[in-house]
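Heads up: the structure comes next, in structure tokens.
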Amino acid sequence: TWLESYASEDGLFRVGLGDWVAPGGNPPEGPVLSSTAHAYLFASRLADIAEILGDDESVSIYRDRAEELYETFNDAFLDEATGRYMTPGVDAYRQTSNILPLAFGLVPDEHVEDVVANLVADIEARDNHLNTGVVGTRYLLPVLTARGEIDTAYAVATQTTEPSWGYWIEALGRTSLQEHWHANTRSLNHHFFGSVGHWFFADLAGITPGEPGWAVTRVKPYVPADLDRAEASTETVRGTVVASWQKTESGLELRASVPHNSTGEIHVPLLGHSADDVVAPDAATFVGEDDGYAVFSIGSGDWRFVVGD
């Protein structure tokens, strides 16, 4: 294939721009780690697509290729002793080099905890600032959130000093997205750092499709310690979805609006409470408690859930 024509003899991909416009200029690690990680992602996704289409031959081809790339990637970049991903010859810790393996499922299970801990430690050492270009920034906040680090993600997202989105807004007075994190940017209208907007909707407000075509609307908000409320709405092919939550003296109140011709899967944050402390509408079906959430199945319409004494 076209992509395979760029593979080196060692199985790695040394093509592309790498983590473009990271703070400090061109990333010292170059493109090899990020490009090889994306080659794995492409093979995995093609296998998933082939499985949906019932193309067993293609499933086998792409799964086998993904497994090869998994082994090649970890052999080349994972330092098992320290729990860090590094490009050979680059000693400095690079956030994107560790974000991508976490985002794409490349980290062996026994090393996930260490890789996450090292990423958080580097962010904290930078006074809760990111050090990522366009490639790493896309996945930074979702990766932190999914790995139980919502407070770190929120701290990064709300910074107002360079490099950060808040620096653009408060210090520079920008009303659009820049190409570079620093003030002297080439472009003042670049969309590719806009992934923070997706995080607002999908993680803070918690709105995602539970099934293709929004046949099921999932609402699963992540609640930072320093944020008291969040609300969002989005238009889907089935209608408007609305989700909001607000902390109360005893817990939390969550509201969700699910459009007609759709059902809902609502994950209510327990914030230290048990599922028994959730007051839910009679028509909501309790599914179970899962990793700090009480999960309910609902139909269309407007719904309110209250957590607390």
Side-chain angles (χ1 to χ4, degrees), residues 41 45 48-49 51-54 103 137-146 150 153-154 157-158 165 175-177 189 191-224 227-248 251-271 273 275 277-308:
L41 178 67
R45 290 292 181 268
D48 293 341
I49 293 169
E51 187 170 355
I52 292 171
L53 296 175
T137 302
R138 162 64 180 86
Y139 298 102
L140 171 60
L141 301 181
V143 160
L144 289 170
T145 302
I150 180 61
Y154 183 73
T158 55
W165 293 279
T175 58
S176 60
L177 299 168
N189 188 21
H191 73 281
F192 61 34
F193 282 127
S195 54
V196 64
H198 178 270
W199 181 74
F200 288 157
F201 282 84
D203 290 328
L204 284 188
I207 301 174
T208 59
E211 290 184 6
W214 294 86
V216 175
T217 294
R218 178 181 295 121
V219 175
K220 184 181 180 180
Y222 293 84
V223 180
L227 186 65
D228 291 332
R229 60 182 298 273
E231 180 177 359
S233 65
T234 189
E235 296 298 323
T236 77
V237 294
R238 298 181 186 255
T240 304
V241 175
V242 182
S244 66
W245 58 263
Q246 182 168 344
K247 291 178 181 176
T248 64
L252 178 139
E253 176 185 79
L254 184 149
R255 294 178 180 267
S257 180
V258 176
H260 297 297
N261 302 314
S262 178
T263 59
E265 177 186 301
I266 309 300
H267 296 246
V268 182
L270 293 173
L271 303 184
H273 293 269
D277 296 324
V278 179
V279 178
D282 292 338
T285 301
F286 178 64
V287 176
E289 190 171 330
D290 181 38
D291 196 22
Y293 290 85
V295 184
F296 293 87
S297 177
I298 61 173
S300 61
D302 299 328
W303 301 80
R304 176 175 178 265
F305 300 83
V306 177
V307 181

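Quick caveat: nothing in here was measured; it's all calculated off a predicted structure. Reckoned from all heavy atoms, side chains included, excluding hydrogens, waters and symmetry mates.
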Could you pull out all residues at least two apart from S300 that satisfy side-chain hydrogen bond (donor to acceptor under 3.5 Å, both in side chains)? none
Does a side-chain heavy-atom distance below 4.5 Å link L270 with D277? no
Please list, chain by chain and in numerical order, all residues satisfying side-chain hydrogen bond (donor to acceptor under 3.5 Å, both in side chains) with S244, sequence neighbours excluded. none
Applying side chain to side chain contact (heavy atoms under 4.5 Å, CB included), name anything that partners S257, two or more places apart in sequence or on another chain. V242, D302
Working to the nearest 0.5 Å, report the span between CD1 of I266 and OG1 of T285. 12.0 Å
Ring pair (Phe, Tyr, Trp, His ring centres under 6.0 Å) partners for F296, two or more places apart: F286, F305
Using a 3.5 Å distance criterion without hydrogens, assess whether the side chain of K247 forms a donor-acceptor pair with backbone atoms of L227. yes
Pairs under 3.5 angstrom only: tabulate donor-acceptor contacts from the side chains of residues 198-207 to other protein residues two or more places apart or in another chain.
unit_1	atom_1	unit_2	atom_2	d
W199	NE1	T145	OG1	2.9

Those residues that, when tested against F192, pass side chain to side chain contact (heavy atoms under 4.5 Å, CB included) (two or more places apart): W20, V21, V134, E179, H190
The ring pair (Phe, Tyr, Trp, His ring centres under 6.0 Å) partners of Y139 (sequence neighbours excluded) come to F104
Distance in Å, T158 OG1 paired with W165 CH2, rounded so as to fall on 0.5 Å steps: 10.0 Å
Go through the steps for L271 and Y293 under the test side chain to side chain contact (heavy atoms under 4.5 Å, CB included), then give the verdict. CA-CA 8 Å; L271 303 184; Y293 290 85; over 6 Å; no
So, Y222 side chain and A146 main chain: donor-acceptor pair closer than 3.5 Å or not? no
Kindly determine whether L140 and L144 satisfy side chain to side chain contact (heavy atoms under 4.5 Å, CB included), including the steps that lead there. CA-CA 6 Å; L140 171 60; L144 289 170; 3.7 Å; yes
Using modelled atom types only, decide if a donor and an acceptor are shared between the side chain of T263 and the backbone of V216 within a distance under 3.5 Å. no
Which atom pairs, donor and acceptor, lie under 3.5 Å between side-chain atoms of residues 232-239 and protein residues at least two apart or in another chain?
unit_1	atom_1	unit_2	atom_2	d
E235	OE1	T240	OG1	3.0
E235	OE2	T240	OG1	2.6
T236	OG1	R238	N	3.1
T236	OG1	G239	N	3.2
T236	OG1	G239	O	2.8
R238	NE	G213	O	2.7
R238	NE	W214	O	3.3
R238	NH1	N261	O	2.6

Residues forming a side chain to side chain contact (heavy atoms under 4.5 Å, CB included) with V279, sequence neighbours excluded: V306
Quick one: side-chain hydrogen bond (donor to acceptor under 3.5 Å, both in side chains) partners of D48, sequence neighbours excluded? R63
Can you see which heavy atom on P221 is nearest to which on P269, and at what distance? O-CG, 3.7 Å
Sorted by chain and residue number, the side-chain hydrogen bond (donor to acceptor under 3.5 Å, both in side chains) partners of T208 (sequence neighbours excluded) come out as none
With sequence neighbours left out, the residues meeting side chain to side chain contact (heavy atoms under 4.5 Å, CB included) with Q246 are R229
Return the NE2 to CG distance between H267 and L254, rounded to the nearest 0.5 Å. 11.0 Å
Between V258 and I298, is the side chain to side chain contact (heavy atoms under 4.5 Å, CB included) condition met? List the steps. CA-CA 9 Å; V258 176; I298 61 173; 3.7 Å; yes
If you take all heavy atoms of V287 and S297, which pair is closest and at what distance? CG2-N, 3.8 Å
